[in-house]
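Note that the structure is predicted; figures quoted are calculated from it, not measured. Reminder, nothing fancy here: chain letters follow the sequence lines and each chain counts from 1.
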Amino acid sequence: MTDEFIQPLLAWYDENKRILPWRDKHNAYYTWVSEIMLQQTRVEAVKPYFERFIRELPDIPALAVCPEEKLLKLWEGLGYYSRVRNMQLAAREMVEKYNGRLPEDFSLLISLKGIGSYTAGAIASIAYGIPVPAVDGNVFRVVTRMTEDSEDITRPAFRKKTESALQEIIPKDRPGDFNQAMMELGAVVCVPNGQPKCDLCPVRGFCQAGLHGTMEKFPVKAPKKPRVVEERTVLVIQDGSCTAIRKRPPKGLLAGLYELPNTEGYLNREEALEYVKELGAEPLYIEELPEARHIFSHIEWRMKAYRIRVSSLEQTHIPGILFADKKESERNYAIPSAFGAYEKYM
DNA sequence: AAGGCGGGGTG
DNA sequence: CACCCAGCCTT
């Protein structure tokens with residue numbers, strides 16, 4: 001039974017797998033970097049980031065010693081920035097304990113920062129041929145449709161159950177290809193958001209949902225909490241060609257990235273001018289900028305904004321605030337997409 | 001078990 | 001608009 005399922009799946013994968021910059025390279029570092037980038041992030045978004053990251057940091061020792069600002073700059077716009085901080089922590093541990101290499105062992109891999117059950121399985125199987133499953137969102141979708149399983153996939157217990165089931169059938173000669181085939185199937189055939197392409201599926205004969213036409217009922221997930229709306233005021237404070245930016249705190253949302261000074265709530269012109277004075281600058285004039293909105297996974301920012309020209313920036317040294325011209329900030333400072341609407345005013 | 005943590009694609 | 005994406009960490 002398992003062979004009847006696995007052989008067509010692997011044959012389909014051999015014929016139809018996408019060419020990806022990290023695929024079939026026999027380089028565990030590439031596998032690791034790509035898997036971290038691919039967490040909650042689409043293949044097309046990852047491609048250019050991966051190429052640049054490998055070019056700048058070609059191996060684990062290079063990653064281990066990379067300055068924070070450069071690291072964040074390489075991740076700018078990808079989101080979930082703790083991924084790259086954790087990756088550097090793991091790289092340093094590999095330099096110290098594993099001769100600068102990824103350990104060839106599932107338990108050691110999963111003990112590293114930022115490497116969980118899925119990523120450890122992916123690296124172990126793809127890079128080292130170790131027969132362990134790698135269960136991501138694609139695999140959840142494929143498996144729950146195949147079996148018409150209505151259990152909530154967000155429950156940790158369901159992940160364990162799925163991993164155990166796949167551990168039993170994973171082919172020991174091609175574990176990495178099997179895991180990638182399951183994910184590839186989920187990504188291009190057994191797709192989310194609407195009708196899957198069951199006519200293209202190599203294993204449709206084994207799929208209960210396909211046979212019953214219930215594909216879109218799976219997978220079942222518990223509803224998410226609604227987003228919190230936050231009103232903020234963003235300030236583009238500038239003198240000539242320089243604009244004020246500041247580094248965000250080391251923990252929490254957008255940790256360690258740079259931002260335009262901004263504050264909770266909607267400020268009117270007078271309050272905005274007062275805010276700038278408190279920062280230690282002398283405002284010359286103020287101009288209202290268009291409103292903007294940014295959606296995070298759990299927060300929505302609704303932003304009002306002002307451009308405020310000030311005099312003698314060089315005389316203002318506010319703790320934590322620095323002034324940079326557009327080129328300088330583009331080159332050296334990672335600024336998240338949330339401020340994208342105001343970049344043109346910098 | 002639940003919540004924090006980005007950004008963008010898609011129907 | 002809602003949903004989801006090659007998830008992990010902290011509490």
Side-chain angles (χ1 to χ4, degrees), chain A residues 17-18 20-23 30-50 72 75-87 89-90 109-123 125-127 133-142 152-160 163 176 178-188 190-196 216 218-228 248-257 259 293-301 334-341:
Chain A
K17 65 181 173 185
R18 291 166 291 178
L20 302 175
W22 50 86
R23 180 162 276 171
Y30 291 5
T31 305
W32 176 39
V33 172
S34 67
E35 292 300 345
I36 299 296
M37 287 186 170
L38 287 163
Q39 290 169 4
Q40 300 290 283
T41 310
R42 290 163 199 282
V43 165
E44 288 310 313
V46 165
K47 280 181 181 174
Y49 283 91
F50 176 82
L72 290 173
W75 214 263
E76 179 183 30
L78 254 193
Y80 287 144
Y81 298 91
S82 66
R83 289 185 290 179
V84 72
R85 295 177 190 287
N86 286 336
M87 206 162 44
L89 291 176
L109 285 168
I110 204 172
S111 76
L112 293 162
K113 275 288 185 194
I115 298 184
S117 175
Y118 162 73
T119 306
I123 296 170
S125 64
I126 296 170
V135 178
D136 72 340
N138 288 311
V139 176
F140 275 133
R141 191 167 53 256
V142 170
D152 174 8
I153 67 166
T154 65
R155 292 172 25 129
F158 186 72
R159 165 178 296 278
K160 292 191 174 181
E163 287 169 344
F178 173 77
N179 287 332
Q180 293 186 84
M182 292 286 282
M183 293 188 271
E184 193 83 354
L185 191 66
V188 307
C190 198
V191 293
N193 294 328
Q195 281 287 116
E216 294 181 78
F218 304 94
V220 174
K221 291 178 82 166
K224 279 176 298 188
K225 228 180 68 168
R227 262 189 294 272
V228 173
R248 291 178 60 86
K251 290 193 180 299
L253 185 67
L254 305 170
L257 279 75
E259 65 179 1
R293 146 182 329 210
H294 186 80
I295 312 279
F296 300 97
S297 45
H298 56 303
I299 303 170
E300 174 176 339
W301 278 359
I335 299 177
S337 303
F339 298 95

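Atom CG in A/Asn179 sits 8.0 Å away from atom OH in A/Tyr118 (nearest 0.5 Å). Considering NZ of A/Lys224 and OG of A/Ser297, their distance stands at 8.0 Å, rounded to 0.5 Å.
Residue contacts for A/Ile110: at a heavy-atom cut-off of 4.0 Å it reaches no nucleic acid atom on any strand shown. A/Arg23 comes within 4.0 angstrom of a nucleotide base, judged by non-hydrogen atoms across all strands. Note on A/Ser117: only backbone sugar-phosphate atoms sit closer than 4.0 angstrom, heavy atoms only; bases stay farther off. Among the heavy atoms of the strands lying under 4.0 Å from A/Leu78 is at least one base atom, whether or not backbone atoms are also near. No engagement by A/Gly186 is indicated, since no non-hydrogen atom pair under 4.0 Å with the nucleic acid exists.
Annotation: C/dA6 and B/dG11 have their P atoms spaced 14 Å apart (nearest Å). Rounded to a whole angstrom, the distance from the C1' atom of C/dC3 to that of B/dG6 is 16 Å.
Regarding A/Asn86, its CG atom lies at a distance of 18 Å from the P atom of B/dG4, rounded to whole Å. With rounding to whole Å, A/Arg141 atom CZ is found 7 Å from C/dA6 atom P. Remark: C1' of C/dC3 and CD of A/Gln195 are 16 Å apart, rounded to the nearest angstrom. Rounded to a whole Å, the NZ atom of A/Lys160 is 16 Å from the C1' atom of C/dG7. Computed from coordinates, the A/Leu38 CG to C/dC5 C1' distance equals 10 Å when rounded to whole Å. Atom C1' of nucleotide B/dC5 and atom OH of A/Tyr81 are separated by 11 Å, given to the nearest angstrom. Taking atom CG on A/Asn193 and atom C1' on B/dG8, their separation rounds to 12 Å, with Å as the unit. Residue A/Glu44 contributes atom CD, which lies 14 Å from atom C1' of B/dT10 at whole-angstrom precision.
Along DNA chain C, the nucleotide nearest to A/Glu300 and the one nearest to A/Asp136 differ in position, and the one closer to the 5' end is contacted by A/Glu300. In terms of position along DNA chain C, the nucleotide closest to A/Leu20 lies nearer the 5' end than the nucleotide closest to the other residue of the pair A/Leu20 and A/Leu112. Heavy-atom nearest nucleotides on DNA chain B were determined for A/Gly194 and for A/Gly79, and the one closer to the 5' end corresponds to A/Gly79. Mapped onto DNA chain B by nearest heavy atom, A/Pro192 and A/Ser337 fall at different nucleotides, with A/Ser337 at the one closer to the 5' end.
The side chain of A/Thr119 lies closest to C/dC8, out of C/dA6, C/dC8, B/dG7. Set against B/dC5, B/dG8, B/dG7, the side chain of A/Phe296 has B/dG7 as its closest nucleotide. Considering only the side chain of A/Lys113, C/dC9 comes nearest among B/dG7, C/dC9, C/dA6.
For B/dG4, the OP1/OP2 oxygens have a side-chain nitrogen or oxygen of A/Lys225 closer than 4.0 Å. Taking side-chain N and O atoms only, A/Gln39 has no distance below 4.0 Å to OP1 or OP2 of C/dG7. An OP1 or OP2 oxygen of B/dG3 is reached within less than 4.0 angstrom by no side-chain nitrogen or oxygen of A/His298.
Panel note: side chain A/Arg159, backbone A/Ser117; no donor-acceptor pair is recorded below 3.5 Å. A donor-acceptor pair under 3.5 Å is absent between the side-chain atoms of A/Arg248 and the main chain of A/Glu259, judged by distance alone. With hydrogens and angles ignored, the 3.5 Å screen pairs a side-chain donor or acceptor of A/Arg141 with a backbone N or O of A/Gly186.
With respect to A/Lys17 and A/Glu184, no salt bridge is recorded, no charged nitrogen being found less than 4.0 Å from a carboxylate O.
In this model, no side-chain donor or acceptor of A/Arg83 finds a partner on the base of B/dC5 within 3.5 Å. Residue side chain A/Thr41 reaches the base of B/dG6 through a donor-acceptor N/O pair under 3.5 Å, judged by distance alone.
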Apply side chain to side chain contact (heavy atoms under 4.5 Å, CB included) to residues A/Thr41 and A/Arg83 and explain how you reach the verdict.
CA-CA 12 Å; A/Thr41 310; A/Arg83 289 185 290 179; 3.1 Å; yes

